[in-house]
Amino acid sequence: MARQRSPPRSAPRSSRGSRPARSHRAAHARSRERRARSARPRRPSEPRRRRPSRSPSAAWRSRGARREAPPRGGAPPAARPRRREGKGAPRGRDGAMASSARVAERRSAGAMSPPLLFSLPEARHRFTISTREALHHKTLKPLLNAFNQIPGSENEKKCTLDQAFRVIVEEEIINKAPCENLLAIISLAINGVTEGICTASTPFVLLGDVLDCLPLDQCDKIFTFVEKNVATWKSNMFYSAGKNYLLRMCNDLLRRLSKSQNTVFCGRIQLFLARLFPLSEKSEISLQHFSQENIDEGMDVEEGEMGDDEAPTSCSIPIDYNLYRKFWSLQDYFRNPVQCYEKVSWKTFLKYSEEVLAVFKSYKLDDTQASRKKLEELKTGGEHVYFAKFLTSEKLMDLQLSDSNFRRHILLQYLILFQYLKGQVKFKSSNYVLTDEQSLWIEDTTKAVYQLLSENPPDGERFSKMVEHILNTEENWNSWKNEGCPSFVKESEELTRLWNLCPDNMEACKSESREYMPTLEEFFEEAIEQADPENMVENKYKAVNNSNYGWRALRLLARRSPHFFQPTNQQFKSLPEYLENMVIKLAKELPPPSEEIKTGEDEDEEDNDALLKENNESPEVQRDKPMTGEQMEAFAIRLGEHWRVLAPYLEMKDSDIRQIEVDSDDVKMRAKQLLVAWQDQEGAHATPENLITALSKAGLGDLAESLTNDTDSGS
């Protein structure tokens with residue numbers, strides 16, 4: 001008998017007891033709905049929708065109204081027993097569905113949880129720690145791990161890592177760390193750019209920070225690092241991002257340096273920029289302007305200031321105030337050549353130049369004075385010091401005119417000025433044109449200046465030709481600037497066609513058509529004929545005495561002949577003697593040279609005689625003849641790794657065996673070298689019969705039998 005269920009206990013019907021429970025569940029449902037809505041990413045154009053809130057009682061009434069509404073066109077539904085609310089009330093079908101819905105909502109809300117957001121302070125802290133760890137272990141791995149673990153976009157992490165690098169550099173500079181630590185940080189930044197975890201401009205920003213904060217003696221060490229990595233800066237990954245940083249950095253350094261005290265450092269910076277930028281880079285080319293900043297001051301001398309009391313007593317050139325004033329006034333024309341196109345200025349320049357050049361012609365220096373001055377400099381041990389500006393004191397005028405280097409400076413300034421006035425410069429004004437009279441004077445004066453340079457000791461003639469060559473080369477640069485500094489890279493259709501003949505360059509190099517090395521027979525044919533005593537060629541006319549022939553012969557022997565690397569006890573005093581010995585050995589191995597003039601009948605008779613002779617020879621006779629080079633080469637392949645066993649039975653010394661092992665790692669080449677050494681040692685007794693005997697004693701019966709069969713079949 002089935003047991004009947006007891007009716008559920010009724011819950012109190014008071015609305016006061018049920019409203020708090022319903023209100024609590026409704027609040028939870030709204031909060032879950034808000035969380036699910038916040039987890040879904042909202043589009044920027046989508047407006048934020050707000051659901052109108054209703055009171056718990058209104059929501060209950062709405063649900064009750066929907067439940068009690070009759071269906072369309074039908075009778076009212078049957079009365080349903082009202083579910084009692086209460087603590088012990090059972091959960092029916094509706095309650096189970098509501099519970100499963102709540103579980104599904106919780107799971108979906110957990111699955112759509114928002115991703116971790118990027119935090120700048122946290123990322124910067126982690127990057128700083130990872131950077132110090134990378135510096136300690138001298139590896140980029142800690143930074144790579146941190147970059148992959150920190151949440152956020154790639155650009156956010158790159159910018160944060162760049163900032164971390166600069167912070168660490170700042171701390172190192174404040175703590176007065178050595179330059180090696182700073183260079184290690186910059187090297188890490190370079191590797192970071194290569195791995196793609198920081199921006200390409202980071203190493204250049206760090207270099208700029210370091211050079212701005214360090215004194216000049218430490219900047220020298222940092223710049224040495226910059227010079228060594230010029231290939232890195234020129235690569236595609238760094239050049240576009242860093243060329244402006246490097247140019248600004250070098251210009252800032254040049255402004256800090258003294259051209260007279262730090263001349264070497266300034267020159268290194270200029271050379272670095274020349275290596276970094278291509279020739280067609282317009283930022284390093286002065287296209288149209290002259291540098292008018294270099295002004296030699298101190299020439300404002302009033303007339304009569306140079307009195308007899310102040311004039312040097314050992315004055316060999318008559319110098320007065322007029323000559324002094326005219327001489328230094330020429331520097332203004334050298335500094336700004338455009339003045340020469342004005343009529344009044346040209347007349348002044350013409351007058352002053354004729355007087356100065358006349359003084360140079362009237363008083364010429366000799367080699368004795370120049371050599372005496374050079375000896376005095378060497379005795380004092382002082383180095384030659386170059387100053388960027390002239391010393392314009394009137395008391396030094398006599399000494400300056402007696403100095404050969406000073407004269408060269410002035411005369412070279414004339415030549416540079418004349419080249420500009422005659423040359424075609426793109427940025428010249430159309431009004432800057434010389435007259436025929438001016439052109440004629442410049443041409444005559446140029447010849448006179450070159451003559452003065454050649455007469456100026458020491459090595460005046462050589463210096464004059466060198467200057468002329470440099471100025472002629474400068475004309476090519478002028479024409480290149482006039483054309484707008486085009487690129488030096490020229491594309492040629494013919495070269496492109498030749499380059500594409502074979503896609504694989506290595507295969508093209510291995511082509512038989514590119515084999516230009518002659519054979520031993522072709523190259524030594526003449527030397528073998530000259531070595532024959534029957535030809536009676538004197539030693540001085542032999543090819544082996546030619547040094548060029550000897551150099552090529554050594555290269556060919558190293559590539560084609562095993563005799564070159566074969567150790568020998570013979571001592572050769574000269575290269576011709578060594579080549580003479582090698583020619584004799586090759587003559588034994590190579591076939592005899594063919595005669596140039598032969599009739600057809602003679603050739604047939606010789607062939608028939610040779611054939612009859614070979615047929616008449618027995619196998620024993622063949623085995624007693626010396627082995628040929630082809631026989632040794634074929635047998636060396638079969639001998640292979642057994643050469644070491646055979647060597648003692650060929651009466652080879654231990655030193656020779658060790659030398660063969662050192663010369664080559666290939667067993668076939670070692671076997672060939674062993675046979676060649678045995679042939680050199682035995683001479684005419686290096687026959688197959690003797691080799692077969694040695695193989696039998698060494699326990700290599702199979703090789704001895706194969707050599708016997710080859711000899712018999714060859715006969």
Please answer whether the main-chain N or O of [Y] pairs with a side-chain N or O of [X] as donor and acceptor at a distance below 3.5 Å.
X      : Y      : value
Ser240 : Asn236 : no
Arg560 : Pro518 : yes
Asn482 : Gln424 : yes
Lys138 : Ala184 : no
Arg407 : Leu401 : yes
Glu526 : Ala543 : no

(message) Can you tell me how the ring of Trp477 sits relative to the ring of Trp480, calling it parallel under 30°, perpendicular over 60° and tilted otherwise?
(response) perpendicular

(message) Are there over 12 heavy-atom neighbours, none belonging to Met669, within less than 6.0 Å of that residue's CE?
(response) no

(message) Looking at Arg638, I'd like to know if its CZ atom is crowded, meaning that more than 12 non-hydrogen atoms belonging to other residues, nucleotides or ligands lie closer than 6.0 Å.
(response) yes

Side chains of [X] and [Y]: does their closest heavy-atom pair fall under 4.5 Å?
X      : Y      : answer
His642 : Leu639 : yes
Glu525 : Glu529 : yes
Asn690 : Leu650 : no

(message) Quick check with a 6.0 Å cut-off and a 45 degree axis cone: is Arg552 positioned over the face of Phe523's six-membered ring?
(response) no

(request) Apply the test side-chain contact (heavy atoms from CB on, under 4.5 Å) to residues Leu703 and Leu646: give CA-CA distance (whole Å), side-chain angles for both, the deciding distance (0.1 Å), then the verdict. (result) CA-CA 11 Å; Leu703 293 175; Leu646 179 63; over 6 Å; no

(message) Side chains of Lys481 and Asn478: any donor to acceptor distance under 3.5 Å?
(response) no

